[in-house]
Asks: 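Questions regarding the structure given below will be posed in turn.
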Amino acid sequence: MKTRRSDRLIDMTNYLMERPHTLISLTFFADRYESAKSSISEDLAIVKRTFKNRGIGILETIPGAAGGARFIPSIDEGEAREFISDMVVEMSAKTRLLPGGYVYLSDLLGRPDVLRQVGRVIARQYIDKQIDAVMTVATKGVPIAQSVSEYLNVPFVIVRRDSKITEGATVSVNYVSGSSERIEKMELSKRSLKQGSHVLVVDDFMKGGGTVNGMKSMIEEFDSELVGITVFAEGSFAGQRMVEDYTSLLRVNQINSEDKTIQVDPGNYLEKVFDN
């Protein structure tokens with residue numbers, strides 16, 4: 001049954017957005033809606049223009065018999081700045097300060113609306129990079145990795161500090177904790193990551209960078225390549241961080257336990273992604 005254009009546009013848009021970075025042929029859409037390829041091309045031009053104007057993403061159209069359309073999610077500068085600004089306000093609340101100078105993040109990283117934007121923002125930075133997997137360490141980085149992997153349409157892998165019998169054979173590395181300077185261990189199932197993968201590391205919070213540096217060593221054990229490191233927030237650190245090339249959405253500059261104040265600013269994300 002032939003589909004009306006309005007119905008076609010809605011279904012086509014939904015289909016593309018649910019399958020980011022996947023090439024969908026014109027023949028598939030023509031058969032799905034029982035419409036001519038010329039009509040499908042016109043529809044895709046409308047979707048492409050709307051995605052661009054609204055900052056939703058890029059719709060690549062590839063000509064030829066093997067061509068089609070591929071949706072690449074993105075976010076425009078204005079929306080990214082607004083989101084990071086909102087997070088600065090949320091993170092600056094006195095109620096987030098825990099004993100010992102820790103900052104409570106679990107409620108933010110449990111909100112679907114926040115995670116969707118975190119995923120879009122981080123994926124935007126690597127829009128032109130080859131990413132085969134997103135890596136994080138259990139447990140608080142998991143929802144971030146899942147969101148980013150959804151927008152990049154690649155698997156995410158979870159490094160653990162203790163092995164699980166359900167993981168099978170594992171690879172383990174020792175690393176130095178950046179804040180406590182203790183020797184720690186992390187493990188990853190041998191089946192989780194293919195040799196030669198291009199890996200993006202994400203995490204919720206970074207202070208000395210020891211955990212992130214441990215994941216970097218883990219990637220090397222799999223003969224794979226580190227593409228980038230992005231964290232939701234970084235904390236101030238008096239010593240020398242174990243990683244230098246990283247991106248942060250937020251920066252916690254000062255914590256005053258006496259009057260329970262937290263000074264939070266945007267991290268280096270905006271200048272790295274939009275100011276270059």
Side-chain angles (χ1 to χ4, degrees), residues 18-23 70-73 105 109 115-116 118-178 182-234 241-249 269 272-273:
E18 286 188 340
R19 295 162 180 81
H21 295 271
T22 303
L23 183 64
R70 179 189 291 116
F71 170 57
I72 302 173
L105 292 175
L109 300 181
L115 286 172
R116 277 194 297 269
V118 168
R120 285 182 69 197
V121 165
I122 295 177
R124 167 64 179 81
Q125 183 180 4
Y126 302 96
I127 199 168
D128 58 351
K129 304 289 187 183
Q130 180 185 344
I131 307 288
D132 300 312
V134 178
M135 177 182 286
T136 194
V137 65
T139 56
K140 292 181 182 177
V142 173
I144 295 175
Q146 184 173 7
S147 181
V148 175
S149 69
E150 183 175 351
Y151 283 100
L152 293 174
N153 199 21
V154 297
F156 70 94
V157 298
I158 305 171
V159 178
R160 303 185 185 277
R161 290 187 172 88
D162 56 343
S163 60
K164 304 287 184 183
I165 192 170
T166 53
E167 296 292 299
T170 61
V171 173
S172 65
V173 297
N174 293 326
Y175 69 98
V176 180
S177 170
R182 292 181 303 184
I183 302 295
E184 306 278 0
K185 183 178 77 168
M186 58 173 59
E187 301 184 62
L188 181 64
S189 170
K190 287 184 176 180
R191 304 183 186 202
S192 292
L193 188 65
K194 293 180 180 178
Q195 300 281 321
S197 295
H198 296 79
V199 185
L200 168 62
V201 167
V202 301
D203 208 357
D204 64 320
F205 196 88
M206 183 179 73
K207 200 166 185 182
T211 301
V212 171
N213 196 48
M215 285 190 277
K216 184 178 177 182
S217 298
M218 181 68 75
I219 291 168
E220 292 171 355
E221 288 294 319
F222 281 82
D223 294 323
S224 293
E225 180 182 335
L226 174 66
V227 178
I229 300 165
T230 301
V231 297
F232 179 70
E234 62 171 305
R241 277 203 173 95
M242 295 186 178
V243 293
E244 295 181 356
D245 189 10
Y246 65 90
T247 303
S248 63
L249 275 56
Y269 173 89
K272 274 196 160 191
V273 176

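Please read all numbers here as calculations on a predicted model, not as lab measurements.
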Asks: Are side-chain heavy atoms of Val199 and Met215 found at a separation under 4.5 Å?
Replies: no
Asks: Go through the steps to decide whether Arg241 and Tyr246 satisfy the test side-chain contact (heavy atoms from CB on, under 4.5 Å), and finish with yes or no.
Replies: CA-CA 11 Å; Arg241 277 203 173 95; Tyr246 65 90; 3.1 Å; yes
Asks: What do you reckon, is CZ of Arg19 surrounded by more than 12 foreign heavy atoms closer than 6.0 Å?
Replies: yes
Asks: Between Ser224 and Leu193, which heavy-atom pair has the shortest distance, and what is it?
Replies: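 Heavy atoms of Ser224 and Leu193 come nearest at OG-CD2, 4.1 Å.
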Asks: So do the side chains of Thr139 and Ile158 get within less than 4.5 Å of each other, counting heavy atoms only?
Replies: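 Counting from C-beta outward, Thr139 and Ile158 never come under 4.5 Å.
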Asks: Any side-chain heavy atom of Leu188 sitting closer than 4.5 Å to one from Met135?
Replies: yes
Asks: Report the distance from atom CE of Met186 to atom OG of Ser217, rounding to the nearest 0.5 Å.
Replies: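 Separation between the atoms: 8.0 Å.
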Asks: Is any side-chain heavy atom of Thr230 closer than 4.5 Å to one of Val121?
Replies: no
Asks: To check you understand the geometry: which heavy-atom pair defines the closest contact between Met218 and Val173, and what is its length?
Replies: CE-CG2, 3.9 Å
Asks: Is it true that a side-chain atom of Ser147 and a backbone atom of Leu115 form a donor plus acceptor pair closer than 3.5 Å?
Replies: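 The answer is yes, because a donor-acceptor pair under 3.5 Å joins these two groups.
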Asks: Kindly compute the distance separating CD (Gln195) from NZ (Lys190), expressed to the nearest 0.5 Å.
Replies: 9.5 Å
Asks: For a quick test of reading the model, state the closest non-hydrogen atom pair linking Asp132 to Gly196 and the distance between them.
Replies: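 So the two residues come closest at OD2-O, 4.4 Å.
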Asks: How long is the gap from CD on Gln125 to OH on Tyr269, to the nearest 0.5 Å?
Replies: 6.5 Å
Asks: Taking all atoms of both residues into account, what is the closest heavy-atom pair of Val212 and Met206, and its distance?
Replies: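 Here Val212 and Met206 meet closest at CG2-SD, 4.0 Å.
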Asks: So, does Arg120 use its side chain to make a donor-acceptor pair with the main chain of Pro73 at under 3.5 Å?
Replies: no
Asks: As a test of understanding, state which of Val202, Leu249, Ile122 forms a side-chain contact (heavy atoms from CB on, under 4.5 Å) with Phe232.
Replies: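 In the set Val202, Leu249, Ile122, the residue that makes a side-chain contact (heavy atoms from CB on, under 4.5 Å) with Phe232 is Leu249.
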Asks: Look up atom CD1 in Ile229 and atom CG in Asn213, then write down how far apart they are to the nearest 0.5 Å.
Replies: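 Going from the CD1 atom of Ile229 to the CG atom of Asn213 covers 8.0 Å.
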Asks: So do Val273 and Thr247 actually touch side chain to side chain, heavy atoms under 4.5 Å?
Replies: no
Asks: Any idea which heavy atoms bring Leu200 and Gly228 closest together, and the distance?
Replies: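 Minimum heavy-atom separation between Leu200 and Gly228: CD1-O, 3.4 Å.
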Asks: Quick one: CD on Gln146 to CZ on Phe156, what's the gap to the nearest 0.5 Å?
Replies: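 CZ of Phe156 is found 4.5 Å from CD of Gln146.
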Asks: Show the nearest heavy-atom pair for residues Ser248 and Glu234, with the distance to one decimal.
Replies: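 Shortest heavy-atom contact: OG-OE2, 2.7 Å.
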Asks: Kindly write out the residues that satisfy side chain to side chain contact (heavy atoms under 4.5 Å, CB included) with Asn153, not counting sequence neighbours, or none if the list is empty.
Replies: Pro20, His21, Thr22
Asks: Below 4.5 Å, heavy atoms only, C-beta onward: do Lys216 and Val201 meet side chain to side chain?
Replies: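 When only atoms from C-beta onward are counted, Val201 and Lys216 do not touch, as no gap falls below 4.5 Å.
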Asks: Could you check Lys272 against Asp245 for salt bridge (Lys or Arg N to Asp or Glu O under 4.0 Å), going step by step and ending with a plain yes or no?
Replies: CA-CA 11 Å; Lys272 274 196 160 191; Asp245 189 10; 3.1 Å; yes
Asks: Which residues pass the side chain to side chain contact (heavy atoms under 4.5 Å, CB included) test with Val227, not counting sequence neighbours?
Replies: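 Scan of Val227 (side chain to side chain contact (heavy atoms under 4.5 Å, CB included), adjacent residues dropped) gives Tyr126, Lys129, Ile131, His198.
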Asks: For a side-chain contact (heavy atoms from CB on, under 4.5 Å) check, start with the C-alpha distance between Arg116 and Tyr151, then their side-chain angles and the critical distance, and finish with the verdict.
Replies: CA-CA 9 Å; Arg116 277 194 297 269; Tyr151 283 100; 3.9 Å; yes
Asks: State the OG1-CZ distance between Thr136 and Arg160, to the nearest 0.5 angstrom.
Replies: 11.0 Å
Asks: Less than 4.5 Å apart, any side-chain heavy atom of Val176 and any of Ile183?
Replies: yes
